[in-house]
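Input: a single structure, listed below in structure tokens.
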Amino acid sequence: MNVYDSSRIADMLKKEGYEETAKQTDADIVLFNTCHIREKAAEKLFSDLGRAHIIQQEREEQFGKSTIIGVVGCVVQAEDTQIIKRAPFVDFAVGPLMYHTIPDILKRIIRQKNHTSYVNTDFPAVSKFDFLPENESQGACSYLAIQEGCNNFCTYCVVPYTRGVEYSRPVAEVLQEARRLVDTGTLEINLLGQNVNSYHGEDENGKERNLAYLLRRVAEIDGLKRLRYTTSYPADMNDDLISCYKDMDILMPYLHLPIQSGSDKILKAMNRRHNSADYLRIVEKLFKANPKIGMSSDFIVGFPGETDADFQATLDVVNQVKYIQAFSFKYSRRPGTPAAVMDNQIEEKVKKQRLEILQNLLFSYQDKFNQACVGKVMPVLFDQKGRHKGQLIGRTPYMQNLHAEINDDNINKIVNVKVTQATTNSLSGKEV
Ligand code: SAH
Ligand code: SF4
């Protein structure tokens with residue numbers, strides 16, 4: 001979502017006449033887009049700001065050039081004016097729902113004589129999407145935000161506080177943006193939302209529609225080759241959506257469906273609206289709809305009160321689902337969330353051990369899946385140049401990175417490739 005937001009901010013600034021610089025020392029404006037989901041991500045901001053401040057001072061002293069420093073994203077929403085207190089040289093800080101105001105703020109900053117910092121963390125009544133200029137493709141693969149915010153209030157999570165309540169963009173608006181992305185070179189669209197499968201946008205007649213409906217409409221766009229969506233919440237994985245995997249070839253057979261924990265006691269304490277049996281039932285239905293689906297998930301280890309038996313239940317789920325990829329994290333205590341004040345917090349040492357055990361198991365399944373791809377022919381969408389000359393990097397339908405020695409003309413094309421080698425993290429192959 002932050003990659004998408006950053007691209008929308010860049011579009012806005014381009015429209016104002018700015019262009020991207022390759023080096024930070026050349027930049028008249030330095031903008032940080034931030035994440036607050038775990039503590040590490042938030043702390044990184046202040047060290048990055050410190051470095052930007054040094055460059056700001058050097059530019060002033062050596063070349064008499066001023067540098068505007070801005071911060072956007074969820075850390076701003078959470079820290080609010082604290083950002084300016086800790087880093088007074090920051091010129092502006094806006095929350096993730098207010099970034100459409102950046103051009104105006106910049107104009108004010110440029111006009112002003114004395115340094116004033118602007119902070120805007122409103123939750124607006126009108127969607128920011130109404131104010132953003134038309135965007136173009138972000139390359140052969142583009143993100144498109146269709147939903148933002150969350151009403152689930154999992155007890156560990158800051159999202160409902162930083163991104164606000166759930167909002168779904170209307171169907172027509174999504175279709176218009178999708179068409180524009182395809183017209184400007186996109187072959188693959190990844191529809192985004194913090195809780196994307198609870199999408200309930202209005203169609204052209206004011207009728208509320210679900211994600212399955214939206215997928216089928218987006219799939220009709222001429223020239224679009226691949227469709228994905230992320231991130232989904234298990235309880236919102238309805239039969240309509242599952243049935244899309246039966247007959248929609250354009251929908252990639254890869255689904256990121258976070259379970260977080262395999263223990264029902266922990267899932268309850270997390271305030272998740274599913275238990276492990278519900279989750280496994282959904283996975284079974286998905287495999288029935290399309291046996292070729294590859295599953296992915298997020299996991300949190302060391303949530304307050306997690307015992308060895310609870311952790312074992314998580315490993316059991318991994319052994320049943322055999323994820324082809326996954327993201328796993330140590331529980332991070334986020335200020336203002338209910339879990340942060342639970343009294344049975346888990347020691348750092350235990351969290352670390354559990355994460356290592358879980359990741360080793362997850363990697364073993366990922367590796368097995370990748371090895372099983374060797375010898376197979378897969379359609380690969382090449383969208384990047386590799387490190388070596390004559391090498392391109394692309395994505396398989398399962399989001400695996402694949403390297404190939406292949407002519408540069410194949411960039412931004414889907415090519416059939418025979419997989420010749422696999423590691424845990426990537427594949428290599430040859431054009432067939
Ligand atoms: N809406 C998605 C997740 C979005 S947040 C869902 O409900 O599944 C992305 C991931 O960050 C989460 O899946 C979770 O695994 C991780 N995460 C969120 N808060 C966290 C915390 N306090 N500590 C550790 N990981 C966290
Ligand atoms: Fe956070 Fe996802 Fe839970 Fe919403 S559903 S509160 S985004 S973890």
Side-chain angles (χ1 to χ4, degrees), residues 1-5 34-43 73-75 77-78 96-97 143 145-168 190-200 211 229-237 241 255-263 266-276 278-279 282-283 295-306 311 314 317-318 321 323 325-342 345-346 348 350-352 354-355 358-359 362:
M1 186 65 93
N2 272 3
V3 172
Y4 174 81
D5 287 342
T34 61
C35 177
H36 201 241
I37 200 89
R38 286 175 295 279
E39 194 175 353
K40 252 196 197 156
E43 274 313 306
C74 292
V75 174
Q77 202 64 40
L97 303 181
Y143 292 118
I146 62 166
Q147 182 276 337
E148 190 165 18
C150 183
N151 300 343
N152 282 327
F153 290 94
C154 299
T155 52
Y156 51 82
C157 184
V158 292
V159 168
Y161 311 97
T162 59
R163 293 261 177 182
V165 292
E166 257 185 55
Y167 167 75
S168 294
N190 198 338
L191 303 175
L192 299 182
Q194 271 82 33
N195 196 2
V196 74
N197 60 340
S198 80
Y199 176 85
H200 54 265
L211 181 61
Y229 59 92
T230 199
T231 294
S232 295
Y233 186 75
D236 293 319
M237 209 63 221
L241 188 52
L255 181 64
H256 182 64
L257 190 64
I259 185 170
Q260 312 299 354
S261 165
S263 152
I266 295 296
L267 287 170
K268 197 156 180 232
M270 286 176 164
N271 191 33
R272 300 283 289 183
R273 287 184 286 115
H274 61 86
N275 59 29
S276 59
D278 298 332
Y279 183 91
I282 296 163
V283 173
M295 296 296 300
S296 153
S297 179
D298 291 342
F299 296 92
I300 296 177
V301 297
F303 184 82
E306 185 187 69
F311 177 59
T314 300
V317 167
V318 174
V321 180
Y323 294 98
Q325 216 201 68
F327 304 89
S328 42
F329 316 98
K330 286 184 285 185
Y331 166 69
S332 170
R333 230 167 151 169
R334 308 310 290 125
T337 59
V341 289
M342 288 180 182
Q345 301 287 328
I346 303 295
E348 188 57 30
V350 176
K351 285 188 206 173
K352 212 172 144 211
R354 288 183 184 162
L355 186 66
L358 174 63
Q359 291 190 334
L362 289 168

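Each ligand, and each atom within it, is numbered from 1 in the order the structure gives. Note that these values count all heavy atoms, side chains included, but never hydrogens, waters or copies made by symmetry.
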Note, [X] side chain near [Y] side chain (heavy atom, < 4.5 Å):
X    : Y    : result
V301 : T314 : no
Q77  : P96  : yes
F329 : L355 : no
E148 : L97  : yes

Taking heavy atoms and a distance under 4.0 Å, where does K330 meet ligand 1: side chain, backbone, both or neither? backbone
Which residue and atom name correspond to the protein heavy atom nearest [atom], and how close is it?
atom                    : value
atom 8 (S) of ligand 2  : Y156 OH, 3.2 Å
atom 18 (C) of ligand 1 : I37 CG1, 3.4 Å
atom 16 (C) of ligand 1 : R38 NH1, 3.5 Å
atom 20 (C) of ligand 1 : Y156 CD1, 3.7 Å
atom 26 (C) of ligand 1 : I300 CD1, 3.7 Å
atom 21 (C) of ligand 1 : S332 O, 3.6 Å
atom 4 (C) of ligand 1  : Q194 O, 4.4 Å
atom 5 (S) of ligand 2  : N152 ND2, 3.3 Å
atom 1 (Fe) of ligand 2 : C157 SG, 2.3 Å
atom 10 (C) of ligand 1 : D298 OD2, 3.4 Å
atom 2 (Fe) of ligand 2 : R272 NH1, 4.2 Å
atom 6 (C) of ligand 1  : R272 NH1, 3.5 Å

Nearest heavy-atom pair of N271 and F153: which atoms, and what distance?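 N271 and F153 have their closest heavy atoms at ND2-O, 2.9 Å.
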Shortest non-hydrogen contact from I37 toward V158: CA-CG2, 4.0 Å
Atom indices of ligand 1, in the order listed, that fall short of 4.0 Å to a heavy atom of [X]:
X    : result
P258 : 8 (O)
T231 : 2 (C)
Y233 : 7 (O)

Shortest heavy-atom approach to atom 15 (O) of ligand 1 - which of Q260, R273, H274: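 Answer by nearest heavy atom: Q260.
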Ignoring hydrogens and angles, tell me if any N or O in the side chain of [X] forms a donor-acceptor pair with the backbone of [Y] under 3.5 Å.
X    : Y    : answer
Y161 : T337 : no
K351 : Y331 : yes
R273 : N152 : no
Q260 : S297 : no
T155 : A269 : yes
T34  : V75  : yes

Are any N, O or S atoms from C154 nearer to atom 1 (Fe) of ligand 2 than 2.8 Å? no
Near [X], which atoms of ligand 2 are under 4.0 Å from a heavy atom of that residue?
X    : result
F153 : 6 (S)
Y233 : 5 (S)
P160 : 6 (S)
C150 : 4 (Fe), 5 (S), 6 (S), 7 (S)

R272 versus Y156, side-chain donor and acceptor atoms under 3.5 Å: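 Yes, a side-chain donor-acceptor pair sits under 3.5 Å.
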Residue pair E166 / S198, side-chain donor-acceptor N/O under 3.5 Å: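 There is such a pair between these side chains.
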Are any of the N/O atoms in Y331 less than 3.5 Å from those in ligand 1?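 By distance alone, the answer is no.
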Could you establish whether V159 and ligand 1 come within less than 4.0 Å of each other, counting only heavy atoms on the residue side?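 For ligand 1, residue contact (heavy atoms, under 4.0 Å) with V159 is absent.
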May I ask whether M270 places a heavy atom under 4.0 Å from ligand 2? no
Parallel, tilted or perpendicular for H274 and Y279, by the 30°/60° rule?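 Judged by the thresholds at 30° and 60°, the geometry between H274 and Y279 is tilted.
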Any heavy atom of P258 under 4.0 Å from ligand 2? The part involved is neither
